[in-house]
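Take a look at the structure set out below.
Because only heavy atoms are used, hydrogens play no part in the values below, and waters and symmetry mates are left out as well, while side chains stay in. Numbering starts at 1 and runs along the sequence shown. All figures in this text were calculated on a predicted structure; none of them were measured in a lab.
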Amino acid sequence: MKSITVKQLQEKFRLEILAGEESLDRVVTRSRAHRPGLEFVGYFDFFPMNRVQVLGRKEINYLHKQTEDERKLHIGNVVKYHPPCFIVTANQDGLKYLMIYCQQEGIPLLRTPDATTEFLGKLDAYLTQALAPEIAIHGVCINVSGIGILLRGKSGIGKSETAHTLIRRGHRLVADDIVVLKKLSSKTILGTHNETTREFLALRSIGLVNVVRLYGRRAFQDETRIVLDIELSPWKDQALNNELEIEQKYTDYLGVKIPHLEIQLQPGRDVAGMIEAAANSWYLKQQGYSAAEEFMKRIEGEMK
């Protein structure tokens, strides 16, 4: 199971440490934060104790209004489950009683100036990505007109060279050679690099190039949602390649099915242009348009 430390959270969001500094090595394994509300009044049937606990104005104001004995009871009920950490939002103060309990139990107590809703949005997005299941595959990931595409094929088939042509046409490299795929949801796969290969493209006979240095900041982006899986393969003379509409196939990555198509290579064929056409065709299909359906309607109209 993937995990991150509270220290990583503290550094990522520049959180102020109020208590439990010696326990920042505690780990977070759940991808959504939790606001303890019912737990403060003793209801723990569905308490997600392994999640980061966020205390907004509602929770802190409730605690402020309690007597010392009531606070001891309510906070003790939550602290005894030893969640990874507590994060107080909106720079709220008057937290000495909370600091004492967290220090005693070795639970980090952190604070952010961000409003609760704003911070929860950023925190959940970060945790979802940081803790997402992932695999690394051989290929190239590129963003074509806002559409994330995974290019695959045997070594030497021309994936990186095709990516270079697309970059020169204004599209963006995400990763070359090693592509990291992260499952963000049951329908979403995110493609990114492994940091080591960030911004680099390996071109046979040329060597390693930095696309940002060559073509500017717009030639690269850190990540993209993968919506097409394109395999480059050698030309097959006996294959039928002129269908009006290709039967949709899929590739499974981490349980998510990604539309797959194969582009056969032949000298003089504009592979980059084919990929642009595939991306634009995919986009039109999402809008409900099918060129094959329109063509058949025209044929039927002429026959009447």
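By the criterion of side-chain heavy atoms lying less than 4.5 angstrom apart, applied directly or through intervening Ile, Leu, Val, Met, Phe, Trp or Tyr residues, Val211 is grouped together with Leu203 in one hydrophobic cluster. Under the 4.5 Å side-chain heavy-atom criterion for Ile, Leu, Val, Met, Phe, Trp and Tyr, Ile275 and Leu261 are members of the same hydrophobic cluster.
Ion pairing between Glu262 and Arg152 fails under the 4.0 Å rule for side-chain N and carboxylate O. The pair Asp176-Lys159 does not count as a salt bridge, with every side-chain nitrogen at least 4.0 angstrom from each carboxylate oxygen. A salt bridge does not link Lys297 to Glu293: none of the charged nitrogens lies less than 4.0 Å from a carboxylate oxygen. Between Lys182 and Glu223, none of the side-chain N atoms (NZ, or NE/NH1/NH2) sits under 4.0 Å from a carboxylate O, so this pair counts as no salt bridge.
Put simply, the residue from Arg35, Arg71, Lys65 that forms a salt bridge (charged side-chain N to carboxylate O under 4.0 Å, His left out) with Glu59 is Arg35.
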Residue pair Asp114, Lys122: steps toward the salt bridge (Lys or Arg N to Asp or Glu O under 4.0 Å) verdict: CA-CA 10 Å; Asp114 293 343; Lys122 294 190 295 185; 2.7 Å; yes

From CA spacing to verdict: salt bridge (Lys or Arg N to Asp or Glu O under 4.0 Å), Arg217, Glu199: CA-CA 10 Å; Arg217 186 71 255 164; Glu199 301 177 356; 3.4 Å; yes

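Taking 4.5 Å as the limit, some side-chain heavy atom of Ile137 sits within range of a side-chain heavy atom of Ile135. Under the 4.5 Å side-chain criterion, counting only non-hydrogen atoms from C-beta, Arg225 is not in contact with Ile189. Residues Ile167 and Leu201 meet the side-chain proximity criterion, which asks for heavy atoms closer than 4.5 Å. Between Met49 and Pro83, the closest side-chain pair of non-hydrogen atoms is not below 4.5 Å. Put simply, the side chain of Thr162 does not reach to within 4.5 Å of the side chain of Ile157, judged on heavy atoms. Using a 4.5 Å cut-off on side-chain heavy atoms (C-beta onward), Leu265 and Pro234 make no contact. Between Tyr289 and Glu294 the shortest side-chain heavy-atom distance falls below 4.5 Å. Inter-residue side-chain proximity for Val88 and Ile60 is flagged as met; some heavy-atom pair is nearer than 4.5 Å.
The number of heavy-atom neighbours closer than 6.0 Å to NZ of Lys72, taken from other residues, nucleotides and ligands shown, is 12 or below. Within 6.0 Å of the CD atom in Glu68, the count of heavy atoms belonging to other residues, nucleotides or ligands does not exceed 12. Atom OH of Tyr283 sits in a sparse spot, with 12 or fewer heavy atoms from other residues, nucleotides or ligands closer than 6.0 Å. Other residues, nucleotides and ligands contribute only 12 or fewer heavy atoms inside 6.0 Å of the CD atom of Glu21.
In terms of modelled atom types and a separation under 3.5 Å, the side chain of Gln103 and the main chain of Ala19 share no donor-acceptor contact. Looking only at distances, no side-chain donor or acceptor of Glu105 sits under 3.5 Å from a matching main-chain atom of Cys102. Between the side chain of Arg111 and the main chain of Gln92, a donor-acceptor pair closer than 3.5 Å is present. In this structure, Thr5 contributes its side chain and Gln8 its backbone to a donor-acceptor pair below 3.5 Å. In this structure, Lys183 contributes its side chain and Leu254 its backbone to a donor-acceptor pair below 3.5 Å. Side-chain atoms of Asn143 do not come within 3.5 Å of backbone N or O of Gln221 as any donor-acceptor pair. Not one N or O on the side chain of Gln287 forms a donor-acceptor pair closer than 3.5 Å with the backbone of Leu284. Distance alone, capped at 3.5 Å, is enough to place a donor-acceptor pair between the His82 side chain and the Lys80 backbone.
What you find for Pro108 and Gly20 is that their closest heavy atoms are CG-O, 3.8 Å. Taking all atoms of both residues into account, the shortest heavy-atom contact from Glu39 to Asn77 is O-CB, 4.4 Å. The two residues Asp229 and Ile258 make their nearest non-hydrogen contact at N-CG2, 3.8 Å.
No cation-pi contact links Arg172 to Phe220, judged by a cut-off of 6.0 Å to the six-membered ring centre and 45° from its axis.
Cluster partners of Leu15, by chain and number: Ile4, Val6, Leu9, Phe13, Ile17, Leu24, Val28, Val52, Val54, Ile87, Leu110, Phe119, Leu120, Leu123, Tyr126, Leu127, Leu131. The rule joins Ile, Leu, Val, Met, Phe, Trp and Tyr whenever side-chain heavy atoms lie under 4.5 Å apart.
Under the rule for a side chain to side chain contact (heavy atoms under 4.5 Å, CB included), the partners of Glu276 that lie at least two apart in sequence or sit in another chain are Val144, Leu166, Arg169, His171.
Residue Asp124 holds its CG atom at 12.0 Å from NE2 of His34, rounded to the nearest 0.5 Å.
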